[in-house]
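Beneath this line is the structure, given in structure tokens, with notes to follow.
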Amino acid sequence: MPPAAAGRTVISDSAVAKVAGIAARGVPGVYALGSGSTRAIGAIREVVGAADLSQGIRVEVGETQVAVDVDLVAEYGSPLQDVANRVRAEVYRSVQELVGLHVIEVNVEVNDVHIGWAEAAKAPVKAKTPELANRGSKASSPEQHQPSGESA
């Protein structure tokens, strides 16, 4: 490898934010990054194929140091303090190893909890086959109306 050449390296805020965002998303218990409004805008961006990997991440980059703020939504059932601590550790590790800047702090804000079963319960069920579509009709066979656990 040639000796280090004279010059300066500048790493943009957006590059650091992407590294931090990817690191935070990889932590178990993290459902999404960002507040409600930024997640809505992010969903629209994903539909058009322009996902924002730095969504929910704010950074302040200096010459040798960086501070990171992470806004996240946790999965219901995940201990929130544990999720925040794992996010903090992973962001520290990733930014220091991949970017080469000294991380002075990682602030984590858990701004919501995602409850998957609540969304599933309120989502309408659409029949995908004619058999399922006719299941509740008068023309359906009697064995379809048997309570579970009983056979016809």
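Given the structure is predicted, the values throughout are model-derived calculations rather than measurements. Hydrogens, waters and symmetry mates are skipped; everything else that's a heavy atom, side chains included, is used.
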Any side-chain heavy-atom pair from [X] and [Y] closer than 4.5 angstrom?
X	Y	value
V108	L72	yes
L80	V113	yes
R86	Q81	no
E105	V68	no
V99	V66	no

Hey, could you give me the [atom1]/[atom2] distance between [X] and [Y], rounded to the nearest 0.5 Å?
X	Y	atom1	atom2	value
R93	L98	CZ	CG	7.0 Å
I104	Q65	CD1	CD	5.0 Å
H102	Y92	NE2	OH	7.5 Å
K18	S12	NZ	OG	8.5 Å

Lys/Arg N to Asp/Glu carboxylate O, D71 vs R58, below 4.0 Å: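 Salt bridge: yes.
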
Main chain of [Y], side chain of [X]: is a donor-acceptor contact present, judged purely on distance under 3.5 Å?
X	Y	answer
E90	A23	no
S54	I57	no
R88	N107	no

Neighbour count >12 (heavy atoms, 6.0 Å) for atom CD, E60: no

Over all heavy atoms of both residues, which pair between [X] and [Y] is shortest? Give the atoms and the distance, please.
X	Y	answer
Y31	E75	CD1-OE2, 3.0 Å
P28	V83	O-CG2, 4.1 Å
V30	A24	CG2-O, 3.5 Å
V95	A20	CG2-CB, 4.2 Å
E63	L101	O-CD2, 3.6 Å

Verify same cluster id: V87, Y76 (apolar side-chain graph, 4.5 Å): yes

